[in-house]
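Note that the structure is predicted; figures quoted are calculated from it, not measured. First listed ligand is number 1; within each ligand, the first listed atom is number 1.
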Amino acid sequence: MNLLVIGSGGREHAIIRKLKENKNVEKIYCLPGNGGIAEDAECFPIGATDIEKQIAFANEHSIDYVVVTPDDPLALGAVDAFNKAGYKCFGPEKKAAIIEASKAFSKDLMKKYNIPTAEYEVFSDEEKAHAYIDKMGAPIVIKADGLALGKGVIIAETVEEAKTAVSEMLNDGKFGDAGKTIVIEEFLTGPEVSILTFTDGKTLKPMISSMDHKRAHDNDEGLNTGGMGAIAPNPYYTKEIAEEAMNTIFVPTIRAMEAEGRTFKGCLYFSLMLTEKGPKVIEYNSRFGDPETQVVLPLMETDLLEAMMATTDGTLDKCDVRFSDKSSCCVVIASLGYPLSYQKGFEIKMSEAAHKATYVAGAAIKDGKLVNSGGRVLGVTAVADTLKEAITDSYKLVSEIDFDGSFYRKDIGQRALKALED
Ligand code: AMP
Ligand code: GLY
């Protein structure tokens, strides 16, 4: 089979490496891919949202199956377009991808179907939003409705801060159209868990749980990022909580989407907060998470392509999806300054062992050398019998990687380790 993967991150690199384990896979193409992915797939410079060109590319390269993972092409209807052109495709259609693309939609869905989430209201009027903030007090959470590269969430510590965030989104056009409608919601506390699931719209099979590390610096300080590292499994996510989440959140969500005529197929990713009142949804994503995918897929014992195709074909109930009982840790090495501005073009050197363990997110080939070209550059993943060993092993590999103008968090997995020891 010839596969076409759309995207260019560490997530796509992890997916491609896993897809290659399937014996029926002859060739994998990636659009646009990156300098590291190019070792595992043939990459061409067609952008992730350039859907027309992607379809023309598929027509020229005898593609049998397409995998779309980034949020923006999904929200634009890439899967619908590929299906229309006669291609089988992994991922939700546009009408289902809205579960991530509009927070107002997803919050209203949860309210309508009694799926546990933070209390909220939707606003596009500044005065009404300010009145709601006065009523609710702080801390309070302001979210841009649309896709905002993971930056559209403001946790306001004071009423003043909350009102400023509202005005910036509604009046000053911060986040553009994505911020013209906003969700204001209750501030929740508790450990966070990422659960990626396969679903064909009727059956849902969760992957192993994981924990992201969203802030840029140690001890969860600094700005929010796409994710600076991850571990799996997440020790806070016990069997009892998993069962509760399945019954109160996962199944009700796919049933709700079906009832709305928006059957979701693909990877539905639940970002949960384990509150004192049980697990609640922080947000839905219509795709694999990054860096979570980089710790989840290395623990997958069964075939990824078969699971993906089962979501497309509606046969997930018959598909074996299993994970090992080992642990994994991924440390992201980023360009200094990320998530704000940073310098590009520094050569990346790594040992053979580090090279094998690394998923490449933001790097390009320049004059025959691998150089950093994005904010998040590398995801260094180790798998071991225990979380402690996985952490030690991944940091050892990180020490075998060298490039100027880089940084990484030193405490990936420490919170999880502490939870295991307590
Ligand atoms: P999101 O992009 O919706 O996943 O939000 C980004 C981060 O903001 C989450 O990972 C949480 O740490 C935090 N967050 C979002 N919503 C809430 C909430 N209602 N209460 C507390 N923290 C939140
Ligand atoms: N790691 C968070 C995300 O993929 O959205």
Problem - CG/Asp325: more than 12 non-hydrogen atoms of other groups inside 6.0 Å - result: no
Completion exercise
Ranked by distance from atom 5 (O) of ligand 2, the top protein heavy atom is Arg287 NH2, 2.8 Å
Handout entry: Residue Asp212 vicinity, atoms of ligand 2 by number, heavy atom under 4.0 Å
Key = 1 (N), 2 (C)
Practice task
Determine whether the side chain, the backbone, both or neither of Arg11 has a heavy atom under 4.0 Å from any heavy atom of ligand 2.
Solution key: neither
Exercise for the section: Answer yes or no for Lys111 and Tyr113: cation-pi contact, defined as NZ/CZ to six-membered ring centre under 6.0 Å and angle to ring axis within 45°. Expected result: no
Problem - Pair Lys53 + Asp50, salt bridge at N-O below 4.0 Å - result: yes
Problem - Residues Asp80 and Lys95 bridged, charged N to O under 4.0 Å - result: no
Handout entry: Salt-bridge contact Glu243-Lys239 (side-chain N to carboxylate O under 4.0 Å)
Key = no
Practice task
Return the residue, atom name and 0.1 Å-rounded distance of the protein heavy atom closest to atom 4 (O) of ligand 2.
Solution key: Asp290 N, 2.9 Å
Problem - Proximity to ligand 2 by part of Tyr269, non-hydrogen separation under 4.0 Å - result: side chain
Handout entry: Where ligand 1 meets Glu185 - atom numbers and elements under 4.0 angstrom, heavy-atom basis
Key = 16 (N), 17 (C), 18 (C), 19 (N)
Completion exercise
Per-atom filter on ligand 1: closer than 4.0 angstrom to a heavy atom of Lys214 are 4 (O), 10 (O)
Practice task
Looking only at distances, please establish whether an N/O atom of ligand 1 is found under 3.5 Å from an N/O atom of Phe187.
Solution key: no
Problem - atom 20 (N) of ligand 1 - nearest protein heavy atom and its distance - result: Leu188 N, 2.8 Å
Exercise for the section: Would you tell me which option among Ile154, Val153, Asp212 has the nearest heavy-atom contact to atom 8 (O) of ligand 1? Expected result: Val153
Practice task
Using modelled atom types only, decide if a donor and an acceptor are shared between the side chain of Arg11 and the backbone of Phe288 within a distance under 3.5 Å.
Solution key: yes
Completion exercise
Near Ile155 (heavy-atom distance under 4.0 Å), the atoms of ligand 1 are 8 (O), 13 (C), 14 (N), 22 (N), 23 (C)
Practice task
Answer yes or no: are there more than 12 heavy-atom neighbours, outside Glu119 itself, under 6.0 Å from its atom CD?
Solution key: no
Exercise for the section: Could you tell me which atoms of ligand 1, counted from 1 in the order shown, lie closer than 4.0 angstrom to a heavy atom of Lys143? Expected result: 3 (O), 15 (C), 16 (N)
Fill in the blank from the handout: Numbered in order shown, the ligand 2 atoms found under 4.0 Å of a heavy atom of Gly226 are 1 (N), 2 (C)
Practice task
Please indicate whether any nitrogen or oxygen in Gly289 is less than 3.5 Å from any nitrogen or oxygen in ligand 2.
Solution key: no
Exercise for the section: Consider every N or O of Ser271 and every N or O of ligand 1, then say whether any pair is closer than 3.5 Å. Expected result: no
Problem - Short N or O distance, Glu292 and ligand 2, threshold 3.5 Å exclusive - result: yes
